[in-house]
Colleague: 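Structure in structure tokens, see below.
Lettering follows sequence order; numbering is per chain, from 1. Quick note: numbers below take in every heavy atom, side chains included, and nothing from hydrogens, waters or symmetry partners. What you see is a predicted model; the values in this text were computed from it and never measured.
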Amino acid sequence: MSNIRAIRGMNDILPGATPYWQYLEQTVADLLARYGYGEIRLPVVEQTELFKRSIGEVTDIVEKEMYTFDDRNGESLTLRPEGTAGCVRAAIQQGLLGVPQRLWYSGPMFRYERPQKGRQRQFHQIGVEAFGIATADMDAELVLLSARLWRQLGIEDCVELQLNSIGSLAARDAYRSALVDFLGQHREALDADSQRRLESNPLRILDSKNPDTQALLDGAPTLANYLDDESRADFEQLCELLEAAGVAYVVNPRLVRGLDYYNKTVFEWVTDRLGAQGTICAGGRYDGLVEQLGGRSTPAVGFAMGMERLVLLLEESGALAGREPAVDVYVISAGAGAHRAALAAVESLRTDMPDTTFLQHTGGGSFKSQLKKADKSGARLALIWGEDEVAAGTVTLKPLRDSGGERRPQQTVPTGQLQATLQGAIANEIE
RNA sequence: GUGGCCGUAGCUCAUCAGGUAGAGCACCGGAUUGUGGCUCCGGAGGUGGGGGGUUCGAGACCCCUCGGCCACCCCA
């Protein structure tokens, strides 16, 4: 194929889908504003080192999924594979962390992965981060906020909240040793992937999809028994707050997150409607990251939601079904004089009727073909300028949609009364 | 990175024991010299993803390659 095509996994989002995106983005932006979060806009490219130090050197993301290249000055840069690192970098660099901060951002992320349903190489996230508050009420706020979002989007019945605590760094280290000890004794019972993970990231074995591995884990030490007191207390408090607020959750003791910077609370919103990539939103605490990246020690918690996955859910749930047609009035004209008159008149109507959509026919053609286009456009009304109308100083207003099975007659309107008649006709159509 | 399935008209798909392609929808025009939706008639549209091989002959068989979907892995 010699034609230039889009990069694999980097998709065009077409006009058929963008209404879902706009609806989703607008809903999220409004909701975050109501909770007092401020939007921060961040670069798509950062120093490679930022991601290595935050996400973790041995994670798959850093080892084999980053789009990394040398800038012209030889500096190694990377297309961001996630948003938290850049947000933390900006918060430190811009001195935002002297007081608690509630921030959000949105935009494309990049990971070199094999595309499948709900996963692409350029994907979009909205991320929410709260800095400076160590207590579990902050975690709860984020969960409540996300729960409200699903309700507002009408997908609350499709999603489930899973919670866990992975404890302090020390607690996790102790548990990791215990888990490796245990699994090491059953190495031959592990699948190849899990044997590999035993070296690279043993905690990830916990959420293996392999049934045999899961069965083996039934006898393994559990993370909960290794939690430090503070993590346990904070987790209990979070659960109490969620119960008090009426948010249902499932404690998943095998829920661990893939990025190194998490500690204590982790959570995921999952759905069973999207195939294998069912996590639509996930996050947790990362109290050590700010300091790790050179800032003053600052507790933090955040999450990110996958926009493509949410759009898929919205489409499936029919959230936007029954929307009104995009076009109100289709404008038809034939003959050079009539075309000039129509263009000028419609511009004037657009000024006076800012909420009405006018689609001006372009490219000529017979009345018949123009009417066909008008019908296809879904417009409710057509305005027709022809030589007769121009000579008489009138316009023809033709309803295109039946009313209760009745076809409605067109009418000839003097130009001076066009706007009033049109407004009346539109009001009549909307009834 | 691994595996399965799949690439034929703009879209959804046929055809076929290997004899150089068809339908529906969409599009354009006409029946209606200025009027859409229904109907009828006609038209345009394809180097059968690309390359190589087998063959008198390949969309069909073989190999390679590119791409798509789904799953593993990973993760939003």
Colleague: Figure out the CH2/C1' separation between A/Trp104 and B/A76, and round it to whole Å.
Modeller: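 Computing the A/Trp104:CH2 to B/A76:C1' distance gives 16 Å.
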Colleague: Considering every strand and a 4.0 Å limit on heavy-atom distances, what is the contact class for A/Ala282: base, sugar-phosphate, or nothing?
Modeller: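 Touches sugar-phosphate only.
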Colleague: Nearest whole Å is fine: how far is B/A76 P from A/Trp150 CH2?
Modeller: 13 Å
Colleague: If only side-chain N and O atoms of A/Gln116 are considered, is one of them under 4.0 Å from the OP1 or OP2 phosphate oxygen of B/C70?
Modeller: no
Colleague: Looking for any heavy atom pair under 4.0 Å, which part of the strands does A/Glu82 touch: base, sugar-phosphate only, or nothing?
Modeller: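 A/Glu82: no heavy atom of the nucleic acid under 4.0 Å.
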Colleague: If we check salt bridge (charged side-chain N to carboxylate O under 4.0 Å, His left out) with A/Arg102, which of these qualifies: A/Glu39, A/Glu141, A/Glu129?
Modeller: A/Glu141
Colleague: Can we say A/Arg254 and A/Asp207 salt-bridge, meaning some charged N sits less than 4.0 Å from an Asp/Glu carboxylate O?
Modeller: no
Colleague: Give the rounded distance in Å between these two atoms: CZ of A/Arg408 and C1' of B/G36.
Modeller: 15 Å
Colleague: Does a distance-only test, which skips hydrogens and angles, find a donor-acceptor pair under 3.5 Å between the side chain of A/Arg309 and the base of B/C75?
Modeller: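 Counting by modelled atom types and ignoring angles, a donor-acceptor contact under 3.5 Å is found here.
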Colleague: For B/C28, take OP1 and OP2 only and decide whether either is under 4.0 Å from a side-chain N or O of A/Lys372.
Modeller: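 The answer is no; no side-chain N or O of A/Lys372 sits under 4.0 Å from OP1 or OP2.
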Colleague: OP1 or OP2 of B/C75 less than 4.0 angstrom from a side-chain nitrogen or oxygen of A/Arg204, does that happen here?
Modeller: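 Affirmative; the distance criterion is met.
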Colleague: In whole Å, measure the gap between the P atoms of B/G51 and B/A58 for me.
Modeller: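 That atom pair is separated by 14 Å.
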Colleague: Mind checking the CD-CZ spacing from A/Gln47 to A/Arg89? Nearest 0.5 Å is all I need.
Modeller: 9.0 Å
Colleague: Check this one for me: any side-chain N or O of A/Arg197 less than 4.0 Å away from OP1 or OP2 of B/C74?
Modeller: yes
Colleague: When you measure from the centre of the six-membered ring of A/Phe51, is the NZ or CZ of A/Arg80 under 6.0 Å away and within 45° of the axis?
Modeller: no
Colleague: For nucleotides B/C41 and B/A60, find the distance between their C1' atoms and express it as a whole number of Å.
Modeller: 35 Å
Colleague: What's the closest nucleotide to the side chain of A/Lys117 if the choices are B/A76, B/C70, B/U35?
Modeller: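 Between B/A76, B/C70, B/U35, the one nearest the side chain of A/Lys117 would be B/C70.
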Colleague: Students often get this wrong, so: under 4.0 angstrom with heavy atoms, is A/Lys376 touching a base, only sugar-phosphate, or nothing?
Modeller: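 Sugar-phosphate contact only - A/Lys376 comes under 4.0 Å of backbone atoms but never of a base.
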Colleague: At 4.0 Å (heavy atoms only), tell me whether A/Leu310 reaches a base, stays on the sugar-phosphate, or touches nothing.
Modeller: nothing
Colleague: Mark yes or no for a side-chain to base donor-acceptor pair under 3.5 Å between A/Gln410 and B/U35, with no hydrogen or angle criteria applied.
Modeller: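 Result: at least one qualifying N/O pair found.
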Colleague: Measuring to OP1 and OP2 of B/G36, would you say a side-chain N or O of A/Lys368 lies under 4.0 angstrom away?
Modeller: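 Looking at the OP1 and OP2 atoms of B/G36, one of them is under 4.0 Å from a side-chain N or O of A/Lys368.
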Colleague: Say you pick atom C1' in B/C73 and the same atom in B/U15; how far apart are they, in whole Å?
Modeller: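 B/C73 and B/U15 have their C1' atoms separated by 40 Å.
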Colleague: Regarding A/Gly283, tell me which of base, sugar-phosphate or nothing describes its non-hydrogen contacts under 4.0 Å with the strands shown.
Modeller: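 Counting heavy atoms under 4.0 Å across all strands, no contact is made by A/Gly283.
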Colleague: What's the closest nucleotide to the A/Arg119 side chain, out of B/G34, B/G3, B/C73?
Modeller: B/C73
Colleague: Check whether the side chains of A/Gln122 and A/Gln120 place a donor and an acceptor atom closer than 3.5 Å, and report yes or no.
Modeller: no
Colleague: For A/Lys64, answer base if it contacts any base atom (sugar-phosphate contacts may also be present), sugar-phosphate if it contacts only those atoms, and nothing otherwise; contact means non-hydrogen atoms under 4.0 Å.
Modeller: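 Answer is nothing: A/Lys64 stays at 4.0 Å or more from every strand.
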Colleague: Nearest 0.5 angstrom please: A/Glu268 CD to A/Ile280 CD1, how far?
Modeller: 10.5 Å
Colleague: Please give the distance between the P atoms of B/U65 and B/G3 as a whole number of Å.
Modeller: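 That atom pair is separated by 12 Å.
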Colleague: Can you check the A/Glu65 CD to B/C72 C1' distance for me, whole Å?
Modeller: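 Roughly 13 Å, once rounded to whole Å.
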Colleague: Report yes if a side-chain nitrogen or oxygen of A/Lys373 is closer than 4.0 Å to either non-bridging phosphate oxygen (OP1 or OP2) of B/C28; otherwise report no.
Modeller: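 Result: yes.
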Colleague: What is the distance, rounded to the nearest whole Å, between atom CE of A/Met10 and atom C1' of B/G68?
Modeller: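 These atoms are roughly 16 Å apart.
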Colleague: When you compare B/G7 with B/C13, how far apart are their P atoms, in angstrom units rounded to a whole number?
Modeller: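 Taking atom P in both B/G7 and B/C13, they lie 10 Å apart.
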Colleague: Counting heavy atoms from C-beta on, name the nucleotide in B/U35, B/G3, B/A76 closest to the side chain of A/Thr396.
Modeller: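 Looking only at side-chain atoms, A/Thr396 lies closest to B/U35.
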Colleague: Regarding A/Glu63, tell me which of base, sugar-phosphate or nothing describes its non-hydrogen contacts under 4.0 Å with the strands shown.
Modeller: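 Nothing: the residue A/Glu63, judged by heavy atoms under 4.0 Å, touches no strand.
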Colleague: Counting the atoms with a prime plus P, OP1 and OP2 as sugar-phosphate, which does A/Arg8 contact under 4.0 Å by heavy atoms, base, sugar-phosphate, or nothing?
Modeller: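 Here A/Arg8 touches the backbone only, sparing every base.
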Colleague: Classify the nucleic acid contact of A/Ala334 as base, sugar-phosphate or nothing, counting any heavy atom under 4.0 Å across all strands shown.
Modeller: nothing
